[in-house]
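Atom set for the values below is all heavy atoms of this structure, side chains included, hydrogens, waters and symmetry mates excluded. Source: prediction; values computed, not measured.
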Amino acid sequence: MEVEIEASEMEVEEQQPIPSSTKKFGLKDYIQTNYGDDYVFQIVPRDDWTSMAVSLSTNAVKLYSPMTGQYFGECKGHSSTINHISFSGGSNLHVLHSCSSDGTIRAWDTRTFQQVSCVTAGSSQEVFSFSFGGSDDNLLAAGCQSQILLWDWRNKKQVACLEESHVDDVTQVHFVPDHQNKLASASADGLICIFDTNGDINDDDHLESVINVGTSIAKVGVFGDSYEKLWCLTNIETLSVWDWKEGTNEANFEEARSLASESWTLDHVDYFVDCHCSGGDNLWVIGGTNAGSIGYFPVKHKGTAVIGPPEAVLGGGHMGVVRSILPMPSMQSGTAQSQGLFGWTGGEDGRLCCWKGDDSQVISRSWISSTSTLAKKVPRNRKNRRRCPY
């Protein structure tokens, strides 16, 4: 699973001292998921953390152990880009769902790696995101090209098509935890819409509120004690925080990359990967450089809006843009905590990197992985290569 790389190819940024308040993480190991120029798009865990799924630009999903990195197998069937993956919960922990630009949402049995069901949005549609929810937990919502489609997943019957609320690609749909009848959608048209999915769902009667972000939306997420907050990352790398119940803006970071860049001594933050929430109102934005370093920047969104110095820095593992981060459940006791594992990252270099706590003063190290040993290599400076990750 791992390939050896010449030392001259393993180029990283010139590293500067990291503030002592920043938690340092070192590279434990890495897995080369493919040969060539294939990307890692997304990493998601099974609820019991016995496996993790990794979507790739080869239109396949591979399964690994999050504890050891052991390869289990792959699910293949999509004919175009996989845009979103997610495991089921409850009694169906082994079922993985994926949606694609081929217009389908597929379910896979990860014990056999075989497809077990498929819902089709239409031959001319692309599916960018999906979410399960509803008052009876029976709805499957999909974000498509200017439409939101909803099915009763129990019989795969389409129950609604919302086509008047957005005028561009619906990049995100989320049923809100603890408010399972509420559906939040976000689009490249710059709008976030909140729908009530009770009853006979339609645009006229079930669109409750609209938030105008003003630019194309890449990702949104729900957080807060009552899941009343929304964070929003846009395709021009701005960050904003909203109260979706009140429809009010709590913080707006139009120069988010510059604010994050000013708070550390590494290269300029070129893009944001995601946001992380650990409960309550705590929020971090995860920024990265084109050379592969990433940082967890705390976001203060009440009162004076501030992006603070990074509380965690991961460097020396990737050689390009990082696409996905899977942190281990830090508050959960067990194997991951005892081994000091922080989590996994995946990127445009096709690598899965595993990170662990590092108490040494020098955190930036590049490793060559073989079947039995880790050999340390001396990094050399890398010229900046700015490009958009999306």
Side-chain angles (χ1 to χ4, degrees), residues 83-84 86 99 105 121 127-153 158-235 238-253 274-277 279-281 283 285 299 301-302 305:
N83 296 312
H84 182 205
S86 178
C99 71
I105 304 172
V127 184
F128 302 106
S129 179
F130 65 88
S131 183
F132 288 90
S135 295
D136 297 324
D137 204 28
N138 65 312
L139 295 178
L140 167 60
C144 303
Q145 294 162 293
S146 76
Q147 294 180 344
I148 302 167
L149 302 180
L150 293 105
W151 294 267
D152 186 326
W153 63 263
Q158 185 174 318
V159 296
C161 174
L162 306 176
E163 54 187 355
E164 298 176 5
S165 301
H166 292 292
V167 296
D168 209 332
D169 294 345
V170 181
T171 53
Q172 299 272 274
V173 288
H174 292 285
F175 280 102
V176 181
D178 292 347
H179 308 271
Q180 278 296 86
N181 63 311
K182 305 297 183 183
L183 178 69
S185 64
S187 169
D189 62 13
L191 301 181
I192 298 173
C193 295
I194 306 297
F195 297 92
D196 184 339
T197 60
N198 283 331
D200 185 14
I201 309 165
N202 60 72
D203 288 278
D204 292 334
D205 300 325
H206 289 75
L207 176 61
E208 290 193 337
S209 62
V210 178
I211 295 170
N212 188 357
V213 177
T215 189
S216 177
I217 300 169
K219 290 183 178 182
V220 296
V222 184
F223 71 108
D225 290 326
S226 302
Y227 297 101
E228 75 282 7
K229 311 292 186 187
L230 273 171
W231 58 261
C232 173
L233 287 173
T234 72
N235 287 310
T238 63
L239 168 67
S240 55
V241 178
W242 304 79
D243 185 317
W244 65 264
K245 287 185 175 180
E246 301 295 332
T248 56
N249 177 251
E250 291 198 351
N252 192 30
F253 300 93
D274 210 338
C275 284
H276 175 70
C277 314
D281 286 340
L283 180 68
V285 64
V299 179
H301 52 89
K302 291 185 176 180

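- Note that CG of Leu283 is 5.0 Å distant from SG of Cys277, once rounded to the nearest 0.5 Å.
- Counting heavy atoms of neighbouring residues, nucleotides and ligands inside a 6.0 Å radius, atom CH2 of Trp153 does not exceed 12 of them.
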Step-by-step side chain to side chain contact (heavy atoms under 4.5 Å, CB included) determination, Glu164 to Asn202:
CA-CA 9 Å; Glu164 298 176 5; Asn202 60 72; over 6 Å; no
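- With sequence neighbours left out, Val167 forms a side-chain contact (heavy atoms from CB on, under 4.5 Å) with Asp189.
- Residues passing the salt bridge (Lys or Arg N to Asp or Glu O under 4.0 Å) test with Asp137, sequence neighbours excluded: none.
- In this structure, Asp136 contributes its side chain and Asn138 its backbone to no donor-acceptor pair below 3.5 Å.
- Side-chain atoms of Ser187 come within 3.5 Å of backbone atoms of Asp168 as a donor-acceptor pair (strictly under, hydrogens ignored).
- Counting heavy atoms from C-beta outward, Gln158 and Leu150 have side chains that stay 4.5 Å or more apart.
- For Ala251, the side-chain contact (heavy atoms from CB on, under 4.5 Å) test picks out Val241, Phe253, His301, Ala305, with sequence neighbours left out.
- Between Val220 and Ile192 the shortest side-chain heavy-atom distance falls below 4.5 Å.
- Considering only residues two or more places apart in sequence or on other chains, Phe130 meets the ring-ring contact (aromatic ring centres under 6.0 Å, His included) condition with His84.
- Shown here are the side-chain hydrogen bond (donor to acceptor under 3.5 Å, both in side chains) partners of Ser135, two or more places apart in sequence or in another chain: Asn198.
- Taking 4.5 Å as the limit, some side-chain heavy atom of Leu207 sits within range of a side-chain heavy atom of Val210.
- Under the rule for a side-chain hydrogen bond (donor to acceptor under 3.5 Å, both in side chains), Ser131 has no partner lying at least two apart in sequence or in another chain.
- Proximity of Ile194 to Leu183: side-chain heavy atoms (C-beta onward) are nowhere separated by under 4.5 Å.
- Side chain of Thr234 to main chain of Ile217: no donor-acceptor pair is present (N/O by atom type, distance under 3.5 Å, no hydrogens or angles).
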Side chain to side chain contact (heavy atoms under 4.5 Å, CB included) between Asp169 and Phe128: does it pass, once the steps are laid out?
CA-CA 8 Å; Asp169 294 345; Phe128 302 106; 3.6 Å; yes
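- Residues that satisfy the side-chain hydrogen bond (donor to acceptor under 3.5 Å, both in side chains) test with Thr171, not counting sequence neighbours, are absent from this structure.
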Which atom pairs, one a donor and one an acceptor, fall under 3.5 Å between side chains of residues 139-148 and the rest of the protein, sequence neighbours left out?
residue, atom, partner, partner atom, Å
Gln145, OE1, Glu126, N, 3.1
Gln145, NE2, Glu126, OE2, 3.4
Gln147, OE1, Gln125, NE2, 2.9
Gln147, NE2, Glu163, OE1, 3.1

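- Among all heavy-atom pairs drawn from Val176 and Trp244, the shortest one is CG1-CZ2, 3.9 Å.
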N/O donor-acceptor pairs under 3.5 Å from side chains in residues 222-233, not counting sequence neighbours:
residue, atom, partner, partner atom, Å
Glu228, OE1, Ser226, N, 3.0
Lys229, NZ, Glu250, OE2, 2.3

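- With hydrogens and angles disregarded, a donor-acceptor distance shorter than 3.5 Å links the side chain of Asn83 to the backbone of Val127.
- Sorted by first and then second residue, the side chain to side chain donor-acceptor pair (under 3.5 Å) pairs involving residues 172-186 (not counting sequence neighbours) are His166-Ser185, Gln172-His174, Asn181-Asp196, Lys182-Glu208.
- With rounding to the nearest 0.5 angstrom, the CG atom of Asp203 is 4.0 Å from the OG atom of Ser165.
- Residues Phe195 and Leu162 form a side-chain contact, since some pair of their non-hydrogen atoms from C-beta on lies under 4.5 Å apart.
- Partners of Asp243 under the side-chain hydrogen bond (donor to acceptor under 3.5 Å, both in side chains) rule, at least two apart in sequence or in another chain, do not exist in this structure.
- With rounding to the nearest 0.5 angstrom, the OG1 atom of Thr238 is 6.5 Å from the CG atom of Asn252.
- The list of salt bridge (charged side-chain N to carboxylate O under 4.0 Å, His left out) pairs with a residue in residues 144-153, not counting sequence neighbours, reads Asp152-Arg154.
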